[in-house]
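Read through the structure below, which is laid out as structure tokens, and then see the notes.
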Amino acid sequence: AAKGRGRGNFQFFSAEMNRATHERLMLENRLWLALEQNEFELYLQPQVDLVSQRIIGAEALLRWHHPELGLVRPDRFIPIAEESTLIVSLGEWVLQRAFALLAGWRGGELAHLRLAVNLSARQCHSPALLPYLDSLLASSGIDPTRLELEITESAAMQDPERSRALLVELRSRGIRVAIDDFGTGYSSLSYLKLFEIDRIKIDRSFVKDIETDPDDAVIVAATIGLAHALGLAVVGEGVETAAQRDFLRAKQCDEGQGYLWSQAVPLAQFEALLQHSYSDAA
Ligand code: C2E
Ligand code: MG
Ligand code: MG
Ligand code: MG
């Protein structure tokens, strides 16, 4: 009987696994088609200077307009894309769009804005990344210091030596680098000394309970102090309340990003937010 049950379980699991594999392949194929059919869009979420309260830049966040499902968030498709070379093609699409945005802002009143773009682990370790960036830099003529690339600690720590070399190359071109989701990667802080970076982004899981959880408050305050001592700027992620903003500002955090100011929105809406940002601060 035990043997029979064992076999039954095995069949059950393998059927489940087949279905999961099948669904993943279907989605992966659908994503390639989405790229071909131009169903992706970059939304922009403002990043705000905590002292002046002005918008100083934006993070580009990928959205998929699925004909039936509507707007799909990246958490549902980035992990699938990351399992194949799709992430490299998708990542190149994102970079191309980001450069086009920066080129559109060049020379105008938005020329000072910084645009942050997320890189996946696989993209960071792809030998195609630097040549691709170089071709975009050459053809777009944008100011490289307006571009910031966001890399998570865990992606960077998958291959620290290679990441270190990549960051040196990026910085030598003037491109800025931020460590995303800081504090969630279970990695030693010593990499901060190893890597050439400009900014860290404190993960929203720490910001969330900043007012109620004394541990989170201490961690956030200490992280800001550490970053500043190392000459790095700090962005607080996931700021939803005025109290969270005030806490971060009191601890000298440089910038904030979160629903308190705005969600990620399409380009036209972002440019409308900017108009308010200037008239309010003026
Ligand atoms: P992330 O880079 O850490 O981006 C921040 C995420 O937090 C975004 O989710 C943003 O919409 C969300 N967020 C911002 N403020 C708040 C807030 O106040 N409260 C809450 N609850 N959430 C907030 P989103 O857009 O769904 O993106 C999720 C993740 O997908 C990103 O996390 C990033 O890791 C990845 N991703 C997004 N776009 C790209 C892309 O172009 N390439 C790659 N490789 N990954 C991307
Ligand atoms: Mg990010
Ligand atoms: Mg983040
Ligand atoms: Mg994240």
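In listed order, ligands and their atoms are each counted from 1.
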Quiz item: Which of the numbered atoms in ligand 1 are below 4.0 angstrom from a heavy atom of Ser120?
Solution: 44 (N)

Quiz item: Step by step, would you call Val72 with His65 a side chain to side chain contact (heavy atoms under 4.5 Å, CB included)?
Solution: CA-CA 6 Å; Val72 185; His65 296 283; over 6 Å; no

Self-check item: Test item: Arg245 side-chain N/O and Leu260 main-chain N/O as donor-acceptor pair under 3.5 Å
Solution: no

Practice problem: Tell me, please, if Glu150 has any N/O/S atom, main chain or side chain, under 2.8 Å from the Mg ion (ligand 3)? | Solution: no

Quiz item: What is the name of the N/O/S atom in Asp180 that sits closest to the Mg ion (ligand 3)?
Solution: OD1

Exercise. Check each of Phe77, Phe40, Tyr259 against atom 22 (N) of ligand 1 and report the one with the nearest heavy atom.
Key: Tyr259

Quiz item: Judged by modelled atom types alone, do Trp105 and Glu271 share a side-chain donor-acceptor pair under 3.5 Å?
Solution: yes

Quiz item: Heavy atom under 4.0 Å from ligand 1: found in Asp180's side chain, backbone, both, or neither?
Solution: side chain

Quiz prompt | Basic-acidic side-chain contact under 4.0 Å: Asp213, Lys208 | solution = no

Quiz item: Below 6.0 angstrom between ring centroids: does that apply to Phe99 and Tyr132?
Solution: no

Quiz prompt | Sub-4.0 Å heavy-atom approach of Gly91 to ligand 1 | solution = no

Quiz item: Which ligand 1 atoms does Gly258 reach within 4.0 Å, using its non-hydrogen atoms?
Solution: 15 (N), 18 (O)

Quiz item: When only distance counts, is Leu62 in polar contact with ligand 1, meaning an N/O pair under 3.5 Å?
Solution: yes

Practice problem: Return a yes/no value for Gln257: is any of its N or O atoms, backbone included, closer than 3.5 angstrom to an N or O of ligand 1? | Solution: no

Quiz item: Salt bridge between Asp134 and Arg173, side-chain N to carboxylate O under 4.0 Å?
Solution: yes

Quiz item: Hey, which of Arg54, Arg114, Lys201 is the one that makes salt bridge (Lys or Arg N to Asp or Glu O under 4.0 Å) with Glu255?
Solution: Arg114

Self-check item: Of the listed options Ala178, Pro74, Pro46, closest to atom 30 (O) of ligand 1 (non-hydrogen atoms)
Solution: Pro74

Exercise. May I ask whether Gln263 has any heavy atom positioned less than 4.0 angstrom from an atom of ligand 1?
Key: no

Quiz item: So, Glu237 and the Mg ion (ligand 2): N/O/S under 2.8 Å, yes or no?
Solution: no

Quiz prompt | Whether Arg63 lies under 4.0 Å from ligand 1, heavy atom | solution = yes

Exercise. Please determine if the Mg ion (ligand 2) has an N/O/S atom from Asn118 lying under 2.8 Å away.
Key: yes

Exercise. Working to the nearest 0.5 Å, report the span between CG of Leu62 and CG of Leu90.
Key: 5.0 Å

Quiz prompt | Geometric class of the Trp64/Phe77 ring pair [parallel <30°, tilted 30-60°, perpendicular >60°] | solution = perpendicular

Quiz item: Nearest 0.5 Å, what's the OG-CG distance between Ser154 and Asp181?
Solution: 7.5 Å

Quiz item: With respect to atom 6 (C) of ligand 1, which of Gln45, Glu240, Glu237, Arg204 exhibits the smallest heavy-atom separation?
Solution: Arg204

Quiz item: Heavy-atom contacts under 4.0 Å between Val239 and ligand 1: side chain, backbone, both, or neither?
Solution: backbone

Exercise. Have a look at ligand 1 and work out which part of Val94, if any, has a heavy atom under 4.0 Å from it: side chain, backbone, both or neither.
Key: side chain

Quiz item: Taking the N/O/S atoms of Glu59 one by one, which is nearest to the Mg ion (ligand 2)?
Solution: OE2

Quiz item: Do Gln257 and Glu59 meet the criterion of a side-chain donor-acceptor pair at a distance under 3.5 Å?
Solution: yes

Exercise. May I ask you to decide whether Arg24 forms a salt bridge with Glu28, counting only side-chain N to carboxylate O separations under 4.0 Å?
Key: no

Exercise. Assess Asp181: does it contribute an N, O or S atom lying under 2.8 Å from the Mg ion (ligand 3)?
Key: yes

